[in-house]
Amino acid sequence: MENRAFHDIAQEIYQLIAELYPICRSITGNGLRKTLKTLQQHIPLSVHEVPTGTEVFDWTVPKEWNIQDACIKNSQGEKIVDFANSNLHVVNYSVPVHQKLSLAELKPHLFTLPDRPDWIPYRTSYYKETWGFCLTHEQYLQLEDDEYEVFIDSSLEPGHLTYGEYFIPGKIQDEVLISCHACHPSLCNDNLSGIAIAVFLAKHLSQITPYYSYRFLFIPGTIGSITWLALNEAKVAQIKHGLVLTCLGDAGNFTYKKSRRGNTEIDEIVSYVLKNSAQDYKIIDFFPYGYDERQYCSPGFNLAVGCFMRSPHGSFPEYHTSADNLNFVQPAYLADSFAKCTSILHILDNNQTYLNKNPKCEPQLGKRGLYRSVGGQKDSGLNEMAILWVLNLSDGNYTLLDIAQRSGMTFDEIKTAADKLLAHDLLELKF
Ligand code: ZN
């Protein structure tokens with residue numbers, strides 16, 4: 001990507017993250033809806049509402065959670081913890097509460113990080129009805145024996161699980177799935193980076209007609225992918241490749257977690273792009289924890305879906321704390337991640353296998369203008385070695401990426417050569 005384009009996309013991705021950052025998201029509710037509405041200013045995604053109580057495989061769509069306000073007041077009536085300052089202050093999915101209690105009674109409902117005394121932890125309680133507050137350890141140490149008033153103006157009632165979906169039809173019906181979770185409140189790397197990059201990838205793909213059809217999902221983690229898979233089981237067979245995108249804005253090196261199958265085309269392509277990036281990176285095998293790849297790669301589906309990240313969840317101290325903020329993610333890292341994703345999808349979308357229509361000895365290239373007519377001439381605009389590699393390896397057993405790897409040439413050199421040979425009717429697509 002040239003400098004100007006890199007700078008522009010970096011700013012656009014970062015701006016979207018900054019816009020989404022203040023919203024209090026959860027696995028259901030108005031924060032998630034508002035997030036999807038914001039994304040609709042960029043891409044025409046459709047918003048789906050699945051009622052509470054819907055059975056989705058072994059799970060049930062939960063009650064919908066919404067929150068207006070929350071605080072802890074001391075006996076002087078001073079707010080010592082205030083949801084208005086950070087939505088991380090309330091345990092996500094806290095039931096409503098309004099009562100007075102002693103410090104000893106309050107303490108079991110408080111969560112802090114003693115070794116990071118100025119950070120607020122992120123805690124959830126989706127499947128157990130309780131309430132709680134998260135605060136900095138510094139705030140916690142200042143609490144004196146007093147009578148406290150806790151107030152959480154939330155609701156947990158039958159409603160809906162909301163998710164966003166954007167389908168871009170390609171030249172064929174086979175699909176590529178791009179999935180990201182959109183259920184975390186003010187956390188930038190873990191959730192907003194994946195969302196924002198997915199949005200700009202979708203924008204980019206909608207401006208071309210891709211070979212594959214592309215399905216983008218913006219869903220609450222775990223319950224969202226389970227719900228989508230349960231309600232769309234008939235579509236699953238169309239998904240041939242996929243990526244879960246998350247944690248793509250921090251300074252760490254790239255990490256790719258392979259699909260459960262481990263040897264699929266998407267695994268090969270991501271490895272190739274990272275290997276040729278001149279950056280350090282890590283490729284890790286599938287394990288049944290992490291993000292929604294757990295569901296896409298469950299044995300009943302076993303899809304070719306990997307997870308593309310910079311620093312993996314849990315590996316950086318800022319993970320699930322207030323320090324995963326707008327300083328922790330930076331435009332240049334986001335744009336670098338975006339560029340890697342576009343390279344991966346460009347190769348995936350163009351990684352055809354061809355058949356040489358003239359396989360008995362080399363075709364005479366000179367008479368077709370595919371070989372320089374005067375020996376020793378440079379800058380003819382033809383990459384003859386690439387043409388010879390494509391002709392030689394197009395026996396139906398090698399993709400263009402295989403040919404690039406074997407020849408040591410770039411994917412685009414090989415692809416350009418294949419396009420020339422196609423135009424001269426020397427190749428045909430293998431179906
Ligand atoms: Zn998370």
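Small disclaimer: the values here were computed from a predicted structure and weren't measured. We count ligands from 1, going down the list as the structure has it; atoms in each ligand are counted the same way.
- A donor-acceptor distance shorter than 3.5 angstrom exists from the side chain of Ser407 to the backbone of Met409, with no hydrogens or angles considered.
- Each of Phe200, Tyr166, Phe216 was evaluated against His42; a single residue qualifies, Phe200, per the ring pair (Phe, Tyr, Trp, His ring centres under 6.0 Å) test.
- Geometric assessment of Lys275 against the ring of Tyr281 yields a negative cation-pi assignment under the 6.0 Å and 45° thresholds.
- Below the 2.8 Å limit, the Zn ion (ligand 1) has as protein N, O or S neighbours His184 NE2, Asp190 OD2, His320 NE2.
- Nearest approach of Ser94 to Ser154, heavy atoms of both residues: O-OG, 2.9 Å.
- Ion pairing between Glu49 and Arg33 holds under the 4.0 Å rule for side-chain N and carboxylate O.
- Salt bridge Lys235/Glu175: absent, no basic N to carboxylate O contact under 4.0 Å.
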